[in-house]
Amino acid sequence: MTGTYLGMPAFPDAAREAVRDEVLRANLRHATHTIRDKRARAVAELEDWDRLRAAGKAVKDHTLAHLDRYLLQLEAAVTAAGGTVHWAADADEANRIVTELVRATGEREVVKVKSMATQEIGLNEALEAAGIAAYETDLAELIVQLGHDRPSHILVPAIHRNRGEIRDIFAAEMGDWGRPAPEGLGDDPRELAEAARLHLREKFLRAKVAVSGANFMVAETGTLVVFESEGNGRMCLTLPETLISVVGIEKVIPTFRDLEIFLQTLPRSSTAERMNPYTTMWTGTADGDGPSVFHLVLLDNGRTDTLADEVGRQALRCIRCSACLNVCPVYERAGGHAYGSVYPGPIGAILSPQLRGTGSEIDATLPYASTLCGACYEVCPVAIDIPEVLVHLRERVVQGGPVTREGIRVRIRPADGHTAERAAMRAARLLLDRPDALRAGERLLARARRLRPRRLPGPGRAWTDSRELPELPERSFRDWWAAREKAAREKGARP
Amino acid sequence: MRVALFVTCVNDALYPRTGIAVVRLLERLGVTVDFPDAQSCCGQPQYNTGYRREAEPLVRRTAEAFAGYEYVVTPSGSCAAMVRSHYPRIGRAAESEGRGPALAALAEDLAPRVYELTEFLVDVLGVTDVGAYFPHTVTYHPSCHGLRGLGLGDRPRRLLAAVRGLELRELPGAEECCGFGGTFAVKNPDVSAAMGTDKTAHALSTGAEVLCGADNSCLAHLDGILRRQGAPLRALHLAEILAATEEEPLV
């Protein structure tokens, strides 16, 4: 996706570094557990949660099944309301469209409301290359941007930073981007928030162009919706003259009424709030109120190909709440950066290898970045069966098979590096498919039990590096049973 | 009542004591146990690692081995969940790809007949007090596939709570995965070990003598960490605790 993610190491290698970082692990553990517990309480308050979850899933599935129709309806509604719709097949096209739109205004800077779609396509870097400065205004995004860092969480991009680190970033970097941090800035959250507020206020009042994403687009009315917590996004959506929204095509829903479901499930799933603090909706343009020019860039970038996959397409139901990240034990230890994408955690592990393909090492290892414990599926407000998709993508990695790429059905080859594993799986299957051979193998194992090594060679070393091997029994269950049956027959107890 | 024991490959080869305990326990409760010799592995390691086609012959083998039994009982939540949740899907996919004739019907026939041990005891036999005696402090780790895959709920804890002499201590963070995850333990060893170490630390914090679970693969991982640490806590399968009585204690 973005240049910053190129050349990412495989997940296990990236995760190894993260697991060793004690500060990072403590930051992640504290943050995920706090929000996880709060979410559970907020969800438990609603008696009809299961029905809301099923309704959200149904609305999304229905829309995806008729995506062409709803996107055309959306385009007509946005146009009728005074907006202009652009279609972008991939990241390059979307970046080119946005860059040209900004250039046409004559401006050299834009303010941004937190948008995962623009991170996905690397818009900030593309704008920078065109001599346009993009300022993130979401507090956590600001911390990430000032820190020359990458987001590590969908909802809390700076989850991996503690307040001491944030103070240092503000003090060192704010001056280079605009209003510097106040002298003698401390690490009290209020002081930090005030420093960010003063820094950003200057940007809001000056900006003529804003770039946003959207959580939902309503086909019926052409309305776009952003959920945010700070009100900074609302500044971007109301003050500038030109608003450019870059949104993934899967964010469309049919009717305004459908929002009632997500207005309940999204805040509770993400921030554990009953109601979202700032929900901003805009429909085209209106005289004397808000931006006078509105552009909507509809982004595909692998989504139509993902939609072609019967199992994997459910990932497109995602409403980016991040509940799966907060409950995932692997995310909790590995952190978001290890996933090598703007979409980390369980949803990232199924979304990135579909949007980008499984060709790179990081994308081929992401489907294995899970124990399949199922906690992500349990909390997902649109019931994405993440473990099911993970296993489906694992199959694609090791066995290859048919996929859709740029609208064409192609058969991909297995990813490299699985030859030995494939041979082992086949050997195991052949052994397990012959109980007599299995019995012989078990007897051999039992006879060699005193030779059991403390450390295994090869892939087995990964087990014995931190764990003892199980003691080997004197005989298998199968042999115990056979001996018992024989004894019973001799006594005449069994026919 | 006659049931088939699906002992699972891990228990057959590495933990025969668990299988033996299930036989003792069920026979004590008046159930006749068969062990169909043609069984081997449910195919979960292959399927979960992405080798679905390698799992297909094992799905067929398992389904055929247990044909004709009304109840198939297994001391593994993970293998039970594999059969119940994934077998029909594997069968349908094989057939749609032109392999495995009638595999879908075989798999769908077996799926509802497979019971995890605690489900069988509580739901089918209708018992929670199985007459066991185990005078020790115990903490229980509900493995993910039993907890979320099968929805075992409080069945295991109810069975443990009815064991005479047993003091059950709540495990902090019980519902979190132990980090085993089949080939995950080898493919992502650092995260796996970190998760396992947190789990054993929680178990040790209870001061219990025994860490009990209903899946020996998770327990092999946790026990391996505990023994490497030299920790004063042993991992034990639930079936072995339920099989123990005053007359025939666990040895």
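Convention: sequence-line order gives letters A, B, ...; per-chain numbering from 1.
- By the neighbour-count criterion of 12 heavy atoms within 6.0 Å, atom CZ of Arg447(A) is sparsely surrounded, having that number or fewer from other residues, nucleotides or ligands.
- Under a 4.0 Å N-O distance rule, the pair Glu27(B)/Arg484(A) qualifies as a salt bridge.
- Only the side chain of Asp385(A) comes within contact range of chain B, judged by heavy atoms closer than 4.5 Å.
- Without hydrogens or angle criteria, Arg394(A) side chain to Asn48(B) main chain gives a donor-acceptor distance under 3.5 Å.
- Counting only heavy atoms from C-beta outward, the side chains of Trp480(A) and Val23(B) approach each other to under 4.5 Å.
- Counting heavy atoms from C-beta on, the side chains of Trp463(A) and Ser192(B) never come closer than 4.5 Å.
- The closest donor-acceptor contact from the side chain of Asp12(B) to the backbone of Ser476(A) lies at 3.5 Å or more, if one exists at all.
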Tyr47(B) vs Glu395(A), test: side-chain hydrogen bond (donor to acceptor under 3.5 Å, both in side chains). Steps then yes/no. CA-CA 8 Å; Tyr47(B) 176 70; Glu395(A) 191 185 319; over 6 Å; no

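- For residues 221-232 of chain B, every residue pair satisfying the side chain to side chain donor-acceptor pair (under 3.5 Å) rule, not counting sequence neighbours, is listed here: Arg467(A)-His221(B), Glu468(A)-Arg228(B), Asp223(B)-Arg227(B).
- Residue with the most contacts toward chain A among Thr183(B), Leu226(B), Leu222(B), Val186(B): Val186(B) (heavy-atom pairs, distance under 4.5 Å).
- Most heavy-atom pairs under 4.5 Å with chain A: of the set Asn11(B), Asp198(B), Leu219(B), this distinction falls to Asp198(B).
- The greatest number of non-hydrogen atom pairs below 4.5 Å with chain A, out of Ala220(B), Ala185(B), Gly182(B), is found for Ala185(B).
- Across Gln399(A), Arg20(A), Arg434(A), Arg16(A), the residue that shares the most heavy-atom pairs under 4.5 angstrom with chain B is Gln399(A).
- Ranked by heavy-atom pairs under 4.5 Å with chain A, the first of Gln46(B), His145(B), Glu175(B), Arg60(B) is Gln46(B).
- Your options are Cys9(B), Gly173(B), Gly19(B), and the one with the most heavy-atom pairs under 4.5 Å with chain A is Gly19(B).
- Atom CD of Glu64(B) sits in a crowded spot, with more than 12 heavy atoms from other residues, nucleotides or ligands closer than 6.0 Å.
- With a 4.5 Å cut-off on side-chain heavy atoms, Cys373(A) and Arg148(B) count as touching.
- Counting heavy-atom pairs closer than 4.5 Å to chain B, the top-ranked of the candidates Ala15(A), Ala369(A), Pro459(A), Ala375(A) is Ala375(A).
- Ring centers of Phe35(B) and Phe477(A): under 6.0 Å apart, within the cut-off.
- Of the listed residues (Arg478(A), Glu442(A), Arg475(A)), the one with the most heavy-atom contacts under 4.5 Å to chain B is Arg478(A).
- By number of non-hydrogen pairs under 4.5 angstrom with chain B, the leading residue of Ser466(A), Ala18(A), Ala334(A) is Ser466(A).
- More than 12 heavy-atom neighbours from other residues, nucleotides or ligands sit within 6.0 angstrom of CZ on Arg409(A).
- Of the two parts of Thr365(A), neither the backbone nor the side chain holds a non-hydrogen atom closer than 4.5 Å to a non-hydrogen atom of chain B.
- Contact annotation for Glu471(A): both backbone and side-chain heavy atoms come within less than 4.5 Å of a heavy atom of chain B.
- Of the atoms belonging to His418(A), heavy atoms from both backbone and side chain fall under 4.5 Å from chain B.
- The two residues Pro45(B) and Met425(A) have their closest heavy-atom pair at O-CE, 3.7 Å.
- Side chain of Tyr368(A) to main chain of Thr49(B): a donor-acceptor pair is present (N/O by atom type, distance under 3.5 Å, no hydrogens or angles).
- For a residue to count as touching a neighbouring chain, one of its non-hydrogen atoms must lie under 4.5 Å from one of that chain's; by this rule Leu372(A) touches chain B with backbone and side chain alike.
- Between chain B and the options Asp465(A), Val330(A), Val327(A), heavy-atom pairs under 4.5 Å are most frequent for Val330(A).
- Using a cutoff of 4.0 Å between basic side-chain nitrogens and carboxylate oxygens, Arg36(A) and Glu176(B) are scored as salt-bridged.
- For the atom pair OG (Ser40(B)) and CZ (Arg439(A)), the distance works out to 12.5 Å, reported to the nearest 0.5 Å.
- With a threshold of 4.5 angstrom between heavy atoms, Arg29(A) approaches chain B through side-chain atoms but not through N, CA, C or O.
- Under 4.0 Å is where a charged nitrogen must lie from a carboxylate oxygen, and between Lys187(B) and Glu421(A) at least one such pair does.
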Could you go through the side chain to side chain contact (heavy atoms under 4.5 Å, CB included) check for His86(B) and Glu388(A) one step at a time? CA-CA 9 Å; His86(B) 304 306; Glu388(A) 181 190 8; over 6 Å; no

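- The greatest number of non-hydrogen atom pairs below 4.5 Å with chain A, out of Val191(B), Ile20(B), Leu14(B), Leu5(B), is found for Ile20(B).
- Contacts between Leu432(A) and chain B at a heavy-atom distance below 4.5 Å involve backbone atoms as well as side-chain atoms.
- Residue Gln39(B) comes nearest to Pro435(A) through the heavy atom pair O-CG, 4.3 Å, listed as atom of the first residue, atom of the second, then distance.
- In summary, Asp190(B) and Arg333(A) do not engage in a salt bridge, as defined by a charged side-chain N under 4.0 Å from a carboxylate O.
- Heavy-atom contacts from other residues, nucleotides or ligands closer than 6.0 Å to CZ of Arg461(A) number 12 or fewer.
- Residues Ser370(A) and Phe184(B) approach most closely at O-CD1, 3.3 Å, considering heavy atoms.
- In this structure, the portion of Leu469(A) lying under 4.5 Å from any heavy atom of chain B is its backbone and not its side chain.
- For the set Thr464(A), Asp436(A), Leu430(A), Leu445(A), the entry with the most heavy-atom pairs within less than 4.5 Å of chain B is Thr464(A).
- Here the side chain of Thr371(A) pairs no donor or acceptor atom with the backbone of Gly181(B) at under 3.5 angstrom.
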